[in-house]
Amino acid sequence: MTVRRVFEGRNSAMSTAAAASVSRPADMRLHLLGPVRLTDPRGAPIAVPSRKCRALLASLALGPGGRVTRARLAELLWGDRAEPQAKASLRQAMHELRRILVDVGAEDAMMADREHVALDLERLLVDALTVVDEAATASLVELDGRLGEWQGDIMSDLDGLCPSFDEWLREERARCRDLVVHAVMSRLTSEPPSDLVLRLARVIVRVDPTHEPGHRLLMQLYAAQNDRGGALAHYSRIERFFEEEFGAAPHEATREAAMGLAEAAAPGFAATPVRTVGRRPRLLICDPVRDPPDKGDGSGAAVLLDDLAFMLERSQEIDLVHLDDMSGNTDESDLHDLMLHAKVRSAGELVRVYLWMTPPSSRLRVWSERFDVPLHAPPQVADRTTARLAAAVLAGVAGQMQTMEVTGADGRTASYAHFMRGRTLVDVMPTRDRLRQAMAHFEDAVADDPRNLIATIYLVRLLNTQLFETEVGADPAPARQRARELATRAFELDPRSAIANVMVGWCNLRQRRFGEAKWYIEHALELNPHHPERLTDAATAFMYLGDHERALSCLADALAMGPAGVDQRWADALEVHVMRRDFATALEAADKLRSLDTRRLAWLCVAAAHGDRPDRAAVAKDGLLALGETMWVGDDSFTPARLVEWLFHQLPFARSEDEILFRRGLEMAGVPV
């Protein structure tokens, strides 16, 4: 029986509902892909605190034509109670839901008679109905938008209400999941490799982690992107998942696909292939600078860098040049294309490794990366660490060789000069005017050398976050869209760069593409798990995604290995502890902050209000409103309500309960919400 046959009869109702819901602008949006959420057309949450009310909404939305009998609803949601109690509970839930709809001016969106309860699906756009109806016909770009927020199960917050509802929930999840997976996979297998296809394949395996054809497709796409490390890391996750869930290995076809990727050369990606002018790139590894000097105990920097050179040589993707080969040669470019420099220093129980590349006879840093690795790691961990370093270097070499083919030396030098001027403006007293000047320099750097990865990343961070620290009230949509385009380019330039993965993840997070954001952040931690900045980036991302304990773990690791005086790290600690409801620790983190912008003041309001510090909350509230008015650049005149609305564009909460906590804290502090 085909998947279409499984839905025969029911799909027509879903199609009709979906068509009705998009024929005119909907008054509300019901999100069932992931936790159940109700929002207005602008995306602002409409609080539905009761799980039973959210379950009632979902049951009605997925009923034929949005209509279900009272008896069926009582059985579904209160099947473990006697019939009179179940009917009374249904009436109470309907009353509560109707009150919520009245508050948002949509009281007639739910209708009821003696036998039935119904939703007006012309007033309510239901994401699950739209996705199921359009999965087979929408363009890939449209599908990417529809599926970007789907993470985990449908209605993932409604498990355990009662046995009858749990059974209905399993059936609805399986029906929607099977139809969408089948329809999207049939599209993807006929498409050439691309970043868009890669993102959609990740959605497939996120929605159905047991769908091995989707996993195999995803590994093939990684390999086509010259990211065999990513492909094999993904197989390791599959293998671990199947062992933990089923006590079995993946299918033989999946295991063979992984073995083949490990042994075979990766094909070119759909974009311009990397060329090396008929030969392999030549890399000169310079003697490392060690601080303190290596003690020769066999456990530190010397072993790590020797292993790195060995692994680079074994890759057969580059030719290594030794310093002895340079003696007496006056033209360095005759012997090597790039020079790899290393600096190693101790950082407590870690070894901090700085790597960077320069062209021949130049001090221009065209590529750089930093790794913090355990000092006394067991052999298997040390091998994985060295493999990550080697993968990063190989990707950097490939990117720089392609750059040399398409960008002249003058363009590269001009790009670097613009980047350094922009970096100075960003790093020293970043006022509104200085940030705008920095943005112009970064844009010029990227225009002079489109493959300047670090300039691209600085520009992404500025457009996605920093610009709005000084331009309060500005419309974030154009800058965020530009940032996402640039971040995607950075990822394509070097998919094994941890910071490029973080940038793409945060761009997706800002645009509420939560599933995509989580994948990129996870991938960044796999690539460079011991970097304090990457860990703090991941901590706040996990916090917004609702995984508060994972956020705390990343933050603790970052604070343990990085300097405690870094202001941004304490700002991140403030946010993470607020979302963990540990308001006392959040206030302790706020005490360490040296500067306060509007976002930090808002978090301080929430921490103080919930932490029973009304005096401190009042001071933070006054500071927030005063600073917001001073820095306001919005098209409309400043009001506290407009400031709060703008703030919530900067805070991409995935869970409605987290956003409700934040709003309630601002309200308790006296901020008009």
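Because only heavy atoms are used, hydrogens play no part in the values below, and waters and symmetry mates are left out as well, while side chains stay in.
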Next on the checklist: Walk me through whether L601 and D597 qualify under side chain to side chain contact (heavy atoms under 4.5 Å, CB included).
Outcome noted: CA-CA 6 Å; L601 282 166; D597 56 24; over 6 Å; no

Next on the checklist: Evaluate H577 against L552 for side chain to side chain contact (heavy atoms under 4.5 Å, CB included), listing each step before the verdict.
Outcome noted: CA-CA 8 Å; H577 289 302; L552 179 64; 3.5 Å; yes

Next on the checklist: salt bridge (charged side-chain N to carboxylate O under 4.0 Å, His left out) for E575 and R600? Distances and angles first, verdict last.
Outcome noted: CA-CA 8 Å; E575 298 180 12; R600 294 178 183 181; over 6 Å; no

Checklist entry - Does the salt bridge (charged side-chain N to carboxylate O under 4.0 Å, His left out) test come out yes or no for E645 and R642, once each step is laid out? => result CA-CA 5 Å; E645 181 183 0; R642 286 180 179 140; over 6 Å; no

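Classified by interplanar angle (parallel below 30°, tilted 30° to 60°, perpendicular above 60°), the ring pair F653/F662 is tilted. Between W519 and F491, the ring planes lie perpendicular to each other; the angle is over 60°, past the 30° to 60° tilted range.
In this structure, the side chain of H548 engages the main chain of M579 through a donor-acceptor pair within 3.5 Å. H610 places a side-chain N or O within 3.5 Å of a backbone atom of L661 that can act as its donor or acceptor partner. At distances below 3.5 Å, at least one donor-acceptor pair connects side-chain atoms of R173 with backbone N or O atoms of M155. The main-chain N or O of T465 is never found under 3.5 Å from a side-chain atom of R510 such that the two would form a donor-acceptor pair. A donor-acceptor pair is defined here as one N or O able to donate and one able to accept, closer than 3.5 Å; no such pair exists between the side chain of H211 and the backbone of R206. Checking side-chain atoms of D144 against main-chain N and O of L140 turns up no donor-acceptor pair under 3.5 Å. Within the 3.5 Å criterion, the main-chain N or O of D157 finds a donor-acceptor partner in the side chain of R51.
Using a 4.5 Å heavy-atom threshold, the side chains of L486 and L463 count as touching. Proximity of F165 to E167: side-chain heavy atoms (C-beta onward) are nowhere separated by under 4.5 Å. In this structure, the side chains of V460 and W506 stay at 4.5 Å or more apart for every pair of heavy atoms. Taking 4.5 Å as the limit, some side-chain heavy atom of R550 sits within range of a side-chain heavy atom of L525. S89 is not listed as a side-chain neighbour of L77, based on a closest heavy-atom distance of 4.5 Å or more. The side-chain heavy atoms of F542 and E522, taken from C-beta on, include a pair separated by under 4.5 Å. Put simply, the side chain of V205 does not reach to within 4.5 Å of the side chain of F241, judged on heavy atoms.
Y520 and R513 share no donor-acceptor pair across their side chains, judged by distance under 3.5 Å alone.
Considering CG of L624 and CG of L596, their distance stands at 10.5 Å, rounded to 0.5 Å. From M110, atom CE reaches atom CG of L97 across 4.5 Å, with rounding to the nearest 0.5 Å. Rounded to the nearest 0.5 Å, atoms OG (S553) and CG (L535) are 8.5 Å apart. Taking CG from N501 and CG from D537, the interatomic distance works out to 12.0 Å, rounded to the nearest 0.5 Å. Taken to the nearest 0.5 Å, the CG atom of L545 stands 5.5 Å off from the CG atom of L509. Taking SG from C53 and CG from L38, the interatomic distance works out to 11.0 Å, rounded to the nearest 0.5 Å.
Geometric assessment of R663 against the ring of F648 yields a positive cation-pi assignment under the 6.0 Å and 45° thresholds. A cation-pi contact, defined as under 6.0 Å to the ring centre and within 45° of the axis, is absent between R599 and F468.
Residues that satisfy the side-chain hydrogen bond (donor to acceptor under 3.5 Å, both in side chains) test with Q650, not counting sequence neighbours, are R480. In this structure D108 satisfies the side-chain hydrogen bond (donor to acceptor under 3.5 Å, both in side chains) test together with R123, sequence neighbours excluded.
The heavy-atom pair separating D166 from L158 by the smallest distance is OD1-O, 4.2 Å. Of all the heavy atoms in I154 and C176, the pair that sits closest is CD1-CB, 3.4 Å. The nearest pair of heavy atoms linking R98 to A112 is NH2-CB, 4.2 Å.
Ion pair R664/E667 flagged as a salt bridge, since at least one NZ, NE, NH1 or NH2 atom sits closer than 4.0 Å to an Asp/Glu carboxylate oxygen. No salt bridge links R569 with D572; every basic N to acidic carboxylate O contact stays at or beyond 4.0 Å. A salt bridge does not link R170 to D159: none of the charged nitrogens lies less than 4.0 Å from a carboxylate oxygen.
In this structure, R187 places its CZ atom where more than 12 heavy-atom neighbours from other residues, nucleotides or ligands lie under 6.0 Å away. The environment of CG in D635 is sparse: at most 12 heavy-atom neighbours from other residues, nucleotides or ligands sit within 6.0 Å. For CD of E191, the number of neighbouring non-hydrogen atoms (other residues, nucleotides, ligands) closer than 6.0 Å is greater than 12. Enclosure of atom CG in D612 is not indicated, since only 12 or fewer non-hydrogen atoms of other residues, nucleotides or ligands lie within 6.0 angstrom.
Put simply, the residue from M94, E115, E75 that forms a side chain to side chain contact (heavy atoms under 4.5 Å, CB included) with R70 is M94.
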